[in-house]
J.: 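First, the structure itself, so that you have it in front of you.
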Amino acid sequence: MLESLLLLSAMFLAVFISIAAPCQAIAQDFYAGKTISLSTHSTAGAGYDAYLRLLSRHMGKYIAGRPGFVVINQPGAGGLLAVNYAARVAPQDGTFLTIVSQGLLVLEATGGRGLQTSLGSFKWVGNFSQSNNVTVTWGASKVKYLQDAIVRDVTVGATGAGSATVVGPTLYNALLGTRFKIIQGYNGSGQINLAMQRGELDGHANSTWTSIKTTLNNEFRAGHLNVLIQMGCARSRNCRMFRCCPISSSAIPEKKRSRTSCRSPSRWRGRLRRRPAFRRVASRCCAAPSMLR
Amino acid sequence: MKDPEFLAEAQKMNSDIDPMTGAETQNAIARILGTPKEVLAQVQAALGGSLN
């Protein structure tokens with residue numbers, strides 16, 4: 001059951017694009033002289049935005065009529081504003097695509113409020129990357145390891161209720177006993193990163209690794225980021241870089257699990273011992289870094 | 001997603017490209033939205049109404 005739960009948590013880590021209407025047979029010259037809008041819930045310069053702007057520079061040559069592209073930023077309500085606009089307001093003729101906040105899948109699956117359509121009703125045209133999510137703190141924070149997040153409060157920024165920045169730390173608090181304090185109201189990951197860098201927040205929870213790599217690469221390379229934990233269906237190829245621990249049950253091969261060694265402080269081990277349902281997860285979180293490569 | 005210029009620019013931006021096709025994505029969405037009720041109940045309990 002736990003494995004299924006973590007799979008659900010991990011499955012929405014991908015970055016998706018959907019088109020506002022099912023593709024109909026389109027005339028060869030339909031897109032000639034037209035502009036395709038690429039919408040994102042993220043702010044300019046953030047991870048999703050960077051992917052869309054990259055796509056906008058290359059996609060046109062593969063579409064008959066060579067349409068132009070424009071990227072539209074629609075931040076708000078943890079991604080609900082953008083996806084509801086795509087469903088209810090945007091043209092439904094194939095000239096409007098949106099990239100969907102990963103947290104909204106859990107929002108719909110768990111019956112959360114705010115979605116004005118089912119995500120299953122979109123025509124999904126692809127996915128850029130299947131990145132794991134990572135929770136990071138700034139170097140100056142007293143919280144440098146997952147263990148620290150269990151013994152002291154950790155402030156992390158979030159946009160709105162449907163966002164992964166709320167879903168992730170909430171699940172960690174419930175499953176692992178962490179003490180993430182989620183501060184909502186930031187308009188995007190750029191604002192959250194800035195707040196983290198100036199000490200207003202300890203960290204940024206549950207952002208895609210690709211987003212961190214795109215927006216905070218220099219800071220990461222310079223050692224200014226502590227990566228506490230990652231969440232995903234499979235171990236990240238970048239594990240050797242940040243030496244953090246996947247909580248996904250599939251992250252470490254079965255044959256290696258017996259060789260994991262827990263090196264966490266006794267207080268943390270004690271807490272986890274009192275949570276028998278999650279003991280297996282904890283042992284994997286403490287796996288030797290060499291096994292995570 | 002196989003365009004060499006696209007991939008080169010993605011690499012320059014430090015953006016990973018590990019794509020899924022539309023059909024694969026559609027299947028993943030259907031799988032998530034079809035999560036068994038008992039699993040969803042656990043997630044709902046863990047989230048504690050924080051998504052509302």
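Labels below follow one simple rule: chain letters A, B, ... track the order of the sequence lines, proteins then strands, and each chain is numbered from 1.
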J.: Please classify the contact of B:Ala30 with chain A as side chain, backbone, both or neither, using a heavy-atom distance under 4.5 Å.
T.: neither
J.: For A:Ser118, is it the side chain, the backbone, both or neither that has a heavy atom under 4.5 Å from a heavy atom of chain B?
T.: side chain
J.: Going by ring-ring contact (aromatic ring centres under 6.0 Å, His included), name the pairs with one or both residues in residues 4-39 of chain B, residues two or more places apart or in two chains.
T.: A:His58-B:Phe6
J.: Output the option from B:Glu5, B:Glu24, B:Glu9 having the highest count of non-hydrogen pairs under 4.5 Å with chain A.
T.: B:Glu9
J.: With only heavy atoms counted, which part of B:Ser15 is less than 4.5 Å from chain A, the side chain, the backbone, both or neither?
T.: both
J.: Measuring only between side-chain heavy atoms, which start at C-beta, is B:Asp16 closer than 4.5 Å to A:Tyr51?
T.: yes
J.: What residues, two or more places apart in sequence or in another chain, satisfy ring-ring contact (aromatic ring centres under 6.0 Å, His included) together with A:Phe69?
T.: none
J.: Would you check if the side chain of A:Glu108 reaches a backbone N or O of A:Leu115 as a donor-acceptor pair within less than 3.5 Å?
T.: no
J.: Just by modelled atom types, is the A:Gln116 backbone N or O under 3.5 Å from a matching donor or acceptor in the A:Asn84 side chain?
T.: yes
J.: Please identify, among A:Leu119, A:Asn217, A:Ile182, the residue contributing the most non-hydrogen atom pairs under 4.5 Å to chain B.
T.: A:Asn217
